[in-house]
K.L.:
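Just passing along the structure, written as structure tokens.
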Amino acid sequence: MRVVIAGGTGFVGKRVAALLTSRGDEVTLLSRHASPPSTLSYDQAREAIAPADAIVNLAGASVLDEKWSPKRLEILRSSRIDTTRVIVDAIESSKAVLVSASAVGYYGTRLDDEELDESSPPGDDVLAKLCVDWEEAARAAPCRVAIARIGIVLGKEGGALARMLPMFRKFIGGPIGSGKQWWSWIHLEDTARAIVHAIDKRGFEGPFNVTAPAPATMNDVAKKLGEVLRRPAAIRVPEFALRMTLGDGAVTLLTGQRALPKKLLETDFDFRYGNLRAALQSSI
């Protein structure tokens, strides 16, 4: 199978590429920084995508790399929506499949305990609206489209843990904000496997939550991470400190979503890391 991965040099993209390559697929990466072997720039997207059997779209600037400003919010939108449109425009075969990323932020920044599946309505905040537009751009593709609403990915050398581990290892780690917000976490390995599952399973289309079956509150995540590292988890990160660092972007850490992978479970997806402790242990 010929597979093109946009954002293939990122945290999730690299693992998806490795998984596909290990089973014999021909993988081409698209990146803004087209330096690794078999990597093309987005200007070269059409020549790679037109003959592809599957396209995985993971492109998008990080939500937390910089303090939010009107300029930064525009970059978050354009790096997702404009790039998705470029990819969609390059797809020629109706027999191809597009697996395009979104996020559980689709459901809004929340502090409630409501369980959310793929039929739940979108939120109305900045990131939720971005996800709605991002998904709409992907749905314009002339082929089968599966939209991966990805949760908080746990894995080595990237993702949320890369920000938390240094503090815990210095004995100054703890919950973020109130700690009551839900973390719809998923291990990196299961994230990649879920994306490949969407490629392989005929008839699998529309949105699907890429989250583990047992989301946890921030308090629970911090407690278990402390136990795994044999460190205390008592020093809470205050809301004001996050807002000073991230501005309005702090809301993404101070709130959350209790998203459940209903569609993956209904299609017999087998989670290798359904337990939070095991996922954390393999990620440090």
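Residue indices begin at 1 and follow the sequence shown.
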K.L.:
Can you check whether V97 reaches I55 side chain to side chain, under 4.5 Å on heavy atoms?
P.N.:
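Result no, sub-4.5 Å side-chain heavy-atom pair not found.
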K.L.:
Working to the nearest 0.5 Å, report the span between CZ of F240 and OG1 of T245.
P.N.:
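Reported to 0.5 Å precision, the distance equals 9.5 Å.
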K.L.:
Between D133 and R77, does the salt bridge (charged side-chain N to carboxylate O under 4.0 Å, His left out) criterion hold? Intermediate values first, please.
P.N.:
CA-CA 9 Å; D133 293 344; R77 287 187 61 85; 2.8 Å; yes
K.L.:
Any chance you could measure E26, atom CD, to T21, atom OG1, to the nearest 0.5 Å?
P.N.:
10.0 Å
K.L.:
Give the cluster check for L264 versus V16: same hydrophobic cluster or not, with ILVMFWY residues linked at side-chain heavy-atom distances below 4.5 Å.
P.N.:
yes
K.L.:
Verify, without hydrogens or angle tests, whether W182 (side chain) and E115 (backbone) share a donor-acceptor contact under 3.5 angstrom.
P.N.:
no
K.L.:
Rounded to the nearest 0.5 Å, how far apart are CD1 of I235 and CD1 of I172?
P.N.:
6.0 Å
K.L.:
Please identify which of these residues, T252, L253, L73, meets the side chain to side chain contact (heavy atoms under 4.5 Å, CB included) condition with V63.
P.N.:
T252
K.L.:
Could you tell me which non-hydrogen atom of R110 sits nearest to which non-hydrogen atom of T255, and how far apart they are?
P.N.:
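Answer, listing the atom of R110 first, then T255: O-CB, 3.3 Å.
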K.L.:
Identify whether W185 and L254 are in the same connected component of the hydrophobic contact network (ILVMFWY, side-chain heavy atoms under 4.5 Å).
P.N.:
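W185 and L254: one cluster.
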K.L.:
Under 3.5 Å, sequence neighbours excluded: what are the donor-acceptor pairs made by side chains of residues 142-155?
P.N.:
| from | atom 1 | to | atom 2 | distance (Å) |
| --- | --- | --- | --- | --- |
| R144 | NH1 | A198 | O | 2.9 |
| R144 | NH1 | K201 | O | 3.4 |
| R144 | NH1 | F204 | O | 2.6 |
| R144 | NH2 | I199 | O | 2.9 |
| R149 | NE | E135 | OE2 | 2.8 |
| R149 | NH1 | Y107 | OH | 2.9 |
| R149 | NH1 | E118 | O | 3.4 |
| R149 | NH2 | E135 | OE1 | 2.9 |

K.L.:
Applying a strict under-4.5 Å side-chain criterion to I, L, V, M, F, W and Y, I'd like to know whether L127 and I81 cluster together.
P.N.:
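L127 and I81: one cluster.
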K.L.:
Do E189 and R15 make a side-chain contact, defined as non-hydrogen atoms from C-beta onward lying under 4.5 Å apart?
P.N.:
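With C-beta onward as the side chain, the pair touches.
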K.L.:
Quick one: do the N219 and T217 side chains pair a donor with an acceptor below 3.5 Å?
P.N.:
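Absent: no donor and acceptor within the cut-off.
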K.L.:
Taking the side chain as C-beta and beyond, is there a heavy-atom pair between L30 and I5 under 4.5 Å?
P.N.:
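The answer is no, as the side chains (C-beta and beyond) never meet within the 4.5 Å cut-off.
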K.L.:
Nearest 0.5 Å, what's the CZ-CD1 distance between R163 and I176?
P.N.:
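Answer for the CZ-CD1 pair, R163 versus I176, is 9.5 Å.
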K.L.:
Is the backbone N or O of L76 less than 3.5 Å from a side-chain atom of R80, with the two atoms forming a donor-acceptor pair by type?
P.N.:
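Yes; judged by distance alone, with no hydrogens or angles, the pair exists.
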K.L.:
Is atom CG of D65 surrounded by more than 12 heavy atoms (other residues, nucleotides or ligands) closer than 6.0 Å?
P.N.:
yes
K.L.:
Do L229 and R169 touch side chain to side chain, with heavy atoms closer than 4.5 Å?
P.N.:
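Yes. Closest side-chain heavy atoms under 4.5 Å.
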K.L.:
Do V251 and L111 share a hydrophobic cluster (ILVMFWY, side-chain heavy atoms under 4.5 Å, transitive)?
P.N.:
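Different hydrophobic clusters.
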K.L.:
Rounded to the nearest 0.5 Å, what separates atom CG in L246 from atom CH2 in W68?
P.N.:
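Reported value, rounded in 0.5 Å steps: 9.0 Å.
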K.L.:
Evaluate the criterion side-chain contact (heavy atoms from CB on, under 4.5 Å) for residue pair D89 and I91; output intermediate values, then yes/no.
P.N.:
CA-CA 6 Å; D89 286 346; I91 297 173; over 6 Å; no
K.L.:
Is it the case that over 12 heavy atoms from other parts of the model lie below 6.0 angstrom from the CD atom of E74?
P.N.:
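Above 12, so yes.
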K.L.:
Hey, is the main chain of V27 close enough, under 3.5 Å, to the side chain of R2 for a donor-acceptor pair?
P.N.:
no
K.L.:
Output the distance between atom CD (E239) and atom CE (M244), rounded to the nearest 0.5 Å.
P.N.:
13.0 Å
K.L.:
Does any N or O in the side chain of E227 come within less than 3.5 Å of the main-chain N or O of L225, such that one atom is a donor and the other an acceptor?
P.N.:
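Not confirmed, E227 side chain does not pair with L225 backbone.
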K.L.:
Where is the tightest heavy-atom contact between A259 and S184, given as atom of each residue plus distance?
P.N.:
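That closest heavy-atom pairing would be N-OG, 2.9 Å.
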K.L.:
At their closest point, which heavy atom of S282 faces which heavy atom of H187, and how far apart are they?
P.N.:
OG-NE2, 2.6 Å
K.L.:
Can you find a heavy atom in the side chain of V3 that is under 4.5 Å from one in the side chain of T28?
P.N.:
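Counting from C-beta outward, V3 and T28 never come under 4.5 Å.
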K.L.:
How about CD on E114, more than 12 heavy atoms from neighbouring residues, nucleotides or ligands closer than 6.0 Å, or not?
P.N.:
yes
K.L.:
Would you confirm whether T83, through its side chain, and A59, through its main-chain N or O, come within 3.5 Å as a donor-acceptor pair?
P.N.:
no
K.L.:
side-chain contact (heavy atoms from CB on, under 4.5 Å) between R258 and D113: does it pass, once the steps are laid out?
P.N.:
CA-CA 7 Å; R258 192 180 185 182; D113 296 327; 3.9 Å; yes
K.L.:
I'd like a table of donor-acceptor pairs (distance under 3.5 Å, sequence neighbours excluded) in which one partner is a side-chain atom from residues 268-276, with atom names and distances.
P.N.:
| from | atom 1 | to | atom 2 | distance (Å) |
| --- | --- | --- | --- | --- |
| N275 | OD1 | R277 | N | 3.0 |
| N275 | OD1 | A278 | N | 3.0 |

K.L.:
Would you check if the side chain of D125 reaches a backbone N or O of T109 as a donor-acceptor pair within less than 3.5 Å?
P.N.:
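Pair found, side chain donor or acceptor close to backbone of T109.
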K.L.:
Taking the side chain as everything from C-beta on, heavy atoms only, tell me whether N57 gets closer than 4.5 Å to V99.
P.N.:
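No, side chains not in contact.
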K.L.:
Compare all side-chain heavy atoms of T211 with those of V104 and state whether any distance is below 4.5 angstrom.
P.N.:
yes
K.L.:
If you look at every heavy atom in A48 and V4, which pair is closest and at what distance?
P.N.:
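Minimum heavy-atom contact is O-CG2, 3.5 Å.
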K.L.:
Determine whether R85 and S78 make a side-chain contact, defined as any pair of heavy atoms from C-beta on separated by less than 4.5 Å.
P.N.:
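Answer no - side chains too far apart.
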K.L.:
If I compare all heavy atoms of N209 with all of L260, which pair ends up nearest, and what's the gap?
P.N.:
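Nearest pair, atom of N209 first, then L260: ND2-O, 2.9 Å.
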K.L.:
Looking at E47, I want to see if its CD is surrounded by more than 12 non-hydrogen atoms of other residues, nucleotides or ligands under 6.0 Å.
P.N.:
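Atom CD in E47 is packed in, count exceeds 12.
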K.L.:
Give the C-alpha distance, both sets of side-chain angles, the deciding distance and a yes or no for salt bridge (charged side-chain N to carboxylate O under 4.0 Å, His left out) between R193 and D190.
P.N.:
CA-CA 5 Å; R193 291 176 60 248; D190 283 336; 2.9 Å; yes
K.L.:
Using a strict threshold of under 4.0 Å (side-chain N to carboxylate O), is an ion pair present between D200 and R23?
P.N.:
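Yes, R23 and D200 are salt-bridged.
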K.L.:
Taking atom NZ of K14 as the centre, does the number of heavy atoms from other residues, nucleotides or ligands within less than 6.0 Å exceed 12?
P.N.:
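Open.
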K.L.:
Honestly, is R231 close enough over F171, meaning NZ or CZ under 6.0 Å from the six-membered ring centre and within 45° of the axis?
P.N.:
yes
K.L.:
Search all heavy atoms of R72 against all heavy atoms of A61 and return the closest pair with its distance.
P.N.:
NH2-CB, 3.9 Å
